[in-house]
Number of protein chains: 2
Amino acid sequence: MYVESAMSGSSRMASVGKPIELAPGLELPGFSMAFDPNEEIFGEEEPTDFVYKVISGAVRTTRLLSDGRRQIGAFYMPGDVFGLERGETHRFSAEAIAPSEVALVRRSALERAAERDGAAARKLWALTSHELEDLQDHMLLMGRKNAAERVGSFLLKLARRGASGVIELPMSRGDIADHLGLTLETVSRTLSQMARDQSISLPSARRVVLRNPGALLAA
Amino acid sequence: MYVESAMSGSSRMASVGKPIELAPGLELPGFSMAFDPNEEIFGEEEPTDFVYKVISGAVRTTRLLSDGRRQIGAFYMPGDVFGLERGETHRFSAEAIAPSEVALVRRSALERAAERDGAAARKLWALTSHELEDLQDHMLLMGRKNAAERVGSFLLKLARRGASGVIELPMSRGDIADHLGLTLETVSRTLSQMARDQSISLPSARRVVLRNPGALLAA
DNA sequence: CGAGCGTTTGAACAGCGTCAAAACAAGTGG
DNA sequence: CCACTTGTTTTGACGCTGTTCAAACGCTCG
């Protein structure tokens, strides 16, 4: 969808002018919207009019090759900011994975804040920088790790944000596969194998408990 | 090597206090150094005291897994800035590929400039942002493209910067492989195949001429 | 001319992908 | 409450792409 056209009169806008905290100490006026699973939040090539933050639910950013092959750039969980780009148009599309509430801040508001306030500018740079660091880790994963190492690294990364030892997976096997550069069958097989090895347990398909995190470690 | 310790009295410092143009309209005082092929410019975990710019030659940034598997993050050609990170220590090491001259600018000088001048801060953000975009393309390449598509994309990207149709490769097959997530044998075989198909010609191992760029295109 | 790398090529192998089917979970309507 | 539908996950059998191991080739530079 294209937000500009959906904005006026949409019943899905939860509120307007609410302060949104994009980073610690960086609050800007914005509003929030609700999205259903698989609903597009913004599309590739659309203008970068907004910056987004996940309030609840989960979001994926995706990129497609002309023949349909898909790469998921990242998953965003509550508190994460996404869609911050310097160019005029998005290079990824973003979709809700689960029912999600997403906060939107106008890019123009952001730019004015960065103009006025050096500290705000630095915080925005930090957001981009952090995304870059994540991607650098991911590049090593995709370039040089095997299937078990990829899935293991993915689980460990998820575990790091969730405080408890139980990981709730909002995304499907196919989403994980398209994020890790594998097929959904390989992801499923790898998880089954890890469960057989007692490295994890799988109380249900979307729930993982780490039993032996060390066994998932690669480098 | 660790520059701080090598700086005083080094005969390799070509000059001091020279103005270095990190981005169009962003000049900062710095100095330049010469590096031999395979010589380390900075190491993983070293403090991020400098930002670097290739004057001549070529540079690679690399990351290692504990068992020696290597991922090359990017190749930097004359005019490119590298080593700009927000954290206190580098997440990659950098080595010269060919005999190279590299300009160094103190990070502290950079930070003072960004503090004073909003435009300078924005240019630094743009550098990080551009690196992020490159990496996003690379992620799609590594996650979803086959060997021929990876090598093809790599050649097309190199061709885009060199104005002429002839590409000079400063890096080895092994370097290309570690950048694309392949083995050096696969890179070599793929290039040979492309030459057989008349998509390229290989006047020498380190020189590629694009004969049919369209055939290299993937998506 | 010979030594030492880097590159090319070959043959066998393995990891992951593809295709297919069955099992499972969740929601819907009778 | 159960039968049915739909989408997701698991599992199996097989094949291909890219890796591994190995040898030959060809630059480049003493």
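The chains referred to below are lettered A, B, ... by the order of the sequence lines, with proteins before strands, and numbering in each begins at 1.
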- Task: Could you check how far CD1 of A:Ile97 sits from C1' of D:dG7, rounded to whole Å?
- Result: 17 Å
- Message: Using the rule side-chain contact (heavy atoms from CB on, under 4.5 Å), only one of A:Met194, A:Gln193, A:Arg189 pairs with A:Val151; which is it?
- Response: A:Met194
- Message: So if I take residues 184-192 of chain B and measure heavy-atom distances to DNA chain D, which residues fall below 4.0 Å?
- Response: B:Glu185, B:Thr186, B:Arg189
- Task: Test B:Val105 against every option in B:Leu84, B:Ile20, B:Val81 by the side-chain contact (heavy atoms from CB on, under 4.5 Å) rule and name the one that passes.
- Result: B:Ile20
- Task: Check the distance between C:dC16's P and A:Met142's CE and give it to me in whole angstrom.
- Result: 15 Å
- Could you check which of D:dG18, C:dC16, C:dT7 has an atom nearest any side-chain atom of A:Ala147? C:dC16
- Heavy atoms of A:Ala96 and A:Phe35 approach each other most closely as CB-CB, 3.7 Å
- Query: How many Å lie between CG on A:Asp178 and P on D:dT8, as a whole number?
  - Reply: 13 Å
- Just do the side chain to side chain contact (heavy atoms under 4.5 Å, CB included) check on A:Leu169 and A:Leu158 with the steps written out, would you? CA-CA 9 Å; A:Leu169 300 175; A:Leu158 285 184; 3.4 Å; yes
- Item | Atom pair distance, as rounded to whole Å: CZ in A:Arg207 and C1' in D:dT8 | 16 Å
- Upstream residue (5' side of DNA chain D) when B:Leu182 and A:Ala205 are each assigned their closest nucleotide: A:Ala205
- Whole-Å distance separating the CZ atom of B:Arg69 from the C1' atom of D:dT19: 13 Å
- Is any side-chain N or O of A:Arg206 closer than 4.0 Å to OP1 or OP2 of D:dT8? no
- Message: Can you measure A:Met171 atom CE to D:dG7 atom C1' for me and round it to whole angstrom units?
- Response: 18 Å
- Task: Would you tell me whether A:Gln136 and B:Arg63 have side-chain atoms, one donor and one acceptor, within less than 3.5 Å of each other?
- Result: no
- note: A:Asp175, atom CG; D:dG7, atom C1'; distance rounded to Å ~ 13 Å
- Item | From B:Phe92, B:Phe75, B:Tyr52, residue fulfilling ring pair (Phe, Tyr, Trp, His ring centres under 6.0 Å) relative to B:Phe82 | B:Tyr52
- Item | Separation of atom CG in B:Leu202 from atom P in D:dG26, rounded to whole Å | 15 Å
- Message: What I want to find out is whether B:Lys145 reaches B:Asp137 closely enough, with some N-O distance under 4.0 Å, to be called a salt bridge.
- Response: no
